[in-house]
Amino acid sequence: MNTSFSHPDRNLALELVRATEAAAIRALPYIGRGDKNAADGAAVDAMRQFLGTVNFQGTIVIGEGEKDKAPMLFNGEVVGNGSGPECDIAVDPIDGTSLTAAGRGHAISMLGVADRGTMLDASSVFYMEKLVSNADAIGVLDLGQSLSDNIRELAKAKKKPVSEIKVAILDRPRHQDAIEEIRSAGAHTRLILDGDVAAGINAAREDNRIDLCYGTGGSPEGVAVTCAIKALGGFIQGRLVPGTDEERERGTAAGLKFDYVYSADELVASDNTFFVATGVTDGELVKGVRHDGRWLRTESLIFRSRSGTVRRVSSDYLAERWLD
């Protein structure tokens, strides 16, 4: 075997970022227009077009859904130009379609990549309980203990009082008890409207004000964000939350475990992951795409776990080449 083509290489992310940039740019006309499906459709089309030019053989493990529901970037679709390494792909052309439609912040376009066969396929179970933090949390936090205990243990590990701990959590009725527990423990909540991928990455960064990201959100997003967490040397655990008996049966048939805490290495087994995110709307993670005169400007982050690198990339595109 030619080993140079057995794993994703360091140049791959610089090709992949073109796909997230394209998705963000195509979503630009729909920001604040109230039509999340139109925004998502434009981003999906753009991302798929660019992925077709990339030197890899990618299988989408986490995509837009099954083929009969989403004609582009569905689970199981093969993308790339057919040469280069075989990879598992996690895609979300817009994480935060509702945010985009409303013109709110923190929407991103993102891609996660790992060696073929290393991403957990959790597509049969929609929800996952997730706990994310930075390296201070390794060996300290555990979904098997209470949220308040996790907060107290994290405060000790970070050597600061509980009153300075800030927890990002989706503002959903299902989280009302957790929100009250966070506040009763003496910590602060940072309620997010949508898009827990960006919140998870922020929690894993050393230079962010968020200490912990907790909550039940999409299972696919939990697997995808693990690609970034590994590059940051951070902490993530997940536990699948089936909504119905039928969903539990589907998950069991797919080999998934319930009442079980998945570690980062079980969510993504590869030690060579990539994660690329481009801003659609402004957020703490990246700035949103914007139209300045003759130029379209994007900001992206590129993570790679094997080298432990994070790159921030700013790109300018002539608007006349992109906008009708």
Side-chain angles (χ1 to χ4, degrees), residues 112 118-120 122 125-170 172 174-192 196-206 208-243 248 251-252 255-271 273 305:
T118 60
M119 280 187 187
L120 179 72
V125 179
F126 188 78
Y127 282 118
M128 177 186 288
E129 182 186 13
K130 289 166 276 190
L131 192 64
V132 188
S133 188
N134 65 15
D136 293 330
I138 295 173
V140 174
L141 300 188
D142 195 318
L143 276 173
Q145 61 188 11
S146 70
L147 181 55
S148 55
D149 282 345
N150 276 318
I151 289 170
R152 285 188 284 269
E153 292 302 315
L154 184 61
K156 291 178 186 176
K158 286 179 171 286
K159 296 181 172 58
K160 61 184 185 180
V162 169
S163 60
E164 293 183 10
I165 295 292
K166 299 174 180 64
V167 183
I169 184 169
L170 284 167
R172 299 287 191 273
R174 64 178 178 269
H175 287 151
Q176 193 54 50
D177 288 346
I179 290 169
E180 291 178 4
E181 184 175 359
I182 292 165
R183 293 170 177 170
S184 295
H188 299 265
T189 56
R190 290 294 182 268
L191 301 183
I192 53 179
D196 62 349
V197 169
I201 293 172
N202 279 329
R205 293 167 58 193
E206 304 288 342
N208 197 267
R209 292 172 291 178
I210 300 299
D211 298 289
L212 183 67
C213 182
Y214 172 78
T216 300
S219 300
E221 288 82 357
V223 177
V225 76
T226 302
C227 293
I229 303 305
K230 285 197 157 196
L232 291 168
F235 169 91
I236 184 169
Q237 285 184 346
R239 181 163 50 196
L240 294 169
V241 183
R248 179 181 282 268
T252 300
L256 297 175
K257 302 175 184 178
F258 297 98
D259 305 313
Y260 178 83
V261 175
Y262 283 90
S263 68
D265 285 337
E266 291 171 307
L267 294 171
V268 180
S270 174
D271 65 353
T273 65
S305 66

Rounded to the nearest 0.5 Å, how far apart are CD1 of Ile151 and CD1 of Ile182? 5.0 Å
Tell me whether Thr118 contacts the main-chain N or O of Ala269 through its side chain, where contact means a donor paired with an acceptor under 3.5 Å. no
So CG of Asn134 and CG of Asn202: to nearest 0.5 Å the spacing works out to 11.5 Å
Measuring from atom CG of Leu232 to atom SG of Cys227, what distance do you get when rounded to the nearest 0.5 angstrom? 11.5 Å
Is the backbone of Ser163 close enough, under 3.5 Å, to the side chain of His188 for a donor and an acceptor to pair up by distance? yes
State, to 0.1 Å, how close Ala122 and Leu240 come at their nearest heavy-atom pair, and which atoms those are. CB-CD2, 4.2 Å
Just do the side chain to side chain contact (heavy atoms under 4.5 Å, CB included) check on Tyr127 and Arg174 with the steps written out, would you? CA-CA 12 Å; Tyr127 282 118; Arg174 64 178 178 269; 3.7 Å; yes
Do Leu212 and Leu154 touch side chain to side chain, with heavy atoms closer than 4.5 Å? yes
Walk me through whether Lys158 and Ile165 qualify under side chain to side chain contact (heavy atoms under 4.5 Å, CB included). CA-CA 9 Å; Lys158 286 179 171 286; Ile165 295 292; 4.2 Å; yes
Donor-acceptor pair, distance only, cut-off 3.5 Å: does the side chain of Ser219 make one with the backbone of Val125? yes
Please name the pair of heavy atoms, one in Ala168 and one in Ile210, separated by the smallest distance, quoted to 0.1 Å. CB-CG2, 3.9 Å
Establish, yes or no, whether the cationic atom of Arg248 lies under 6.0 Å from the six-membered ring centre of Phe258 and within 45° of the ring axis. yes
I'd like to know if the side chain of Ser305 and the backbone of Thr273 have a donor-acceptor N/O pair within less than 3.5 Å. yes
Distance (rounded to the nearest 0.5 Å) between Gln145 CD and Asn150 CG: 4.0 Å
Classify the side-chain pair Tyr214/Glu181 by whether it contains a donor and acceptor separated by less than 3.5 Å. no
Gln237 side chain to Leu143 backbone, donor-acceptor under 3.5 Å: yes
Would you say Glu221 and Asp196 make side-chain contact, with heavy atoms under 4.5 Å? yes
Does Asp177 offer a backbone N or O that forms a donor-acceptor pair with the side chain of Glu180 under 3.5 Å? no
Nearest non-hydrogen partners of Ile138 and Gly233, listed with the distance: CD1-O, 3.7 Å
Residues Arg239 and Val261: closest non-hydrogen pair is NH1-CG2, 4.0 Å
Test side chain to side chain contact (heavy atoms under 4.5 Å, CB included) on Lys230 and Asp271; report intermediate values, then the result. CA-CA 8 Å; Lys230 285 197 157 196; Asp271 65 353; 5.6 Å; no
Closest approach of Gly222 and Leu267, non-hydrogen atoms and distance? O-CD1, 4.4 Å
Contact summary for Ile229 and Gly200, nearest pair of heavy atoms: CD1-O, 3.8 Å
Taking atom types as modelled, find out whether Thr189 and Arg183 have a side-chain donor-acceptor pair closer than 3.5 angstrom. yes
For Tyr260 and Gly238, indicate whether the former's side chain and the latter's backbone hold a donor-acceptor pair under 3.5 Å. no
Under the criterion salt bridge (charged side-chain N to carboxylate O under 4.0 Å, His left out), which of Lys160, Lys159, Lys166 is the partner of Asp211? Lys160
Stepwise, does the side chain to side chain contact (heavy atoms under 4.5 Å, CB included) test hold for Lys130 with Thr216? CA-CA 6 Å; Lys130 289 166 276 190; Thr216 300; over 6 Å; no
If you measure from OG on Ser146 to CZ on Arg152, what distance do you get to the nearest 0.5 Å? 6.0 Å
Counting C-beta onward and ignoring hydrogens, is there a side-chain heavy-atom pair between Arg190 and Val167 closer than 4.5 Å? no
Could you state the interatomic distance from CG (Leu120) to CG (Asp265), rounded to the nearest 0.5 Å? 12.5 Å
Side chain proximity check, Phe235 to Val132, heavy atoms < 4.5 angstrom: no
Less than 4.5 Å apart, any side-chain heavy atom of Leu170 and any of His175? yes
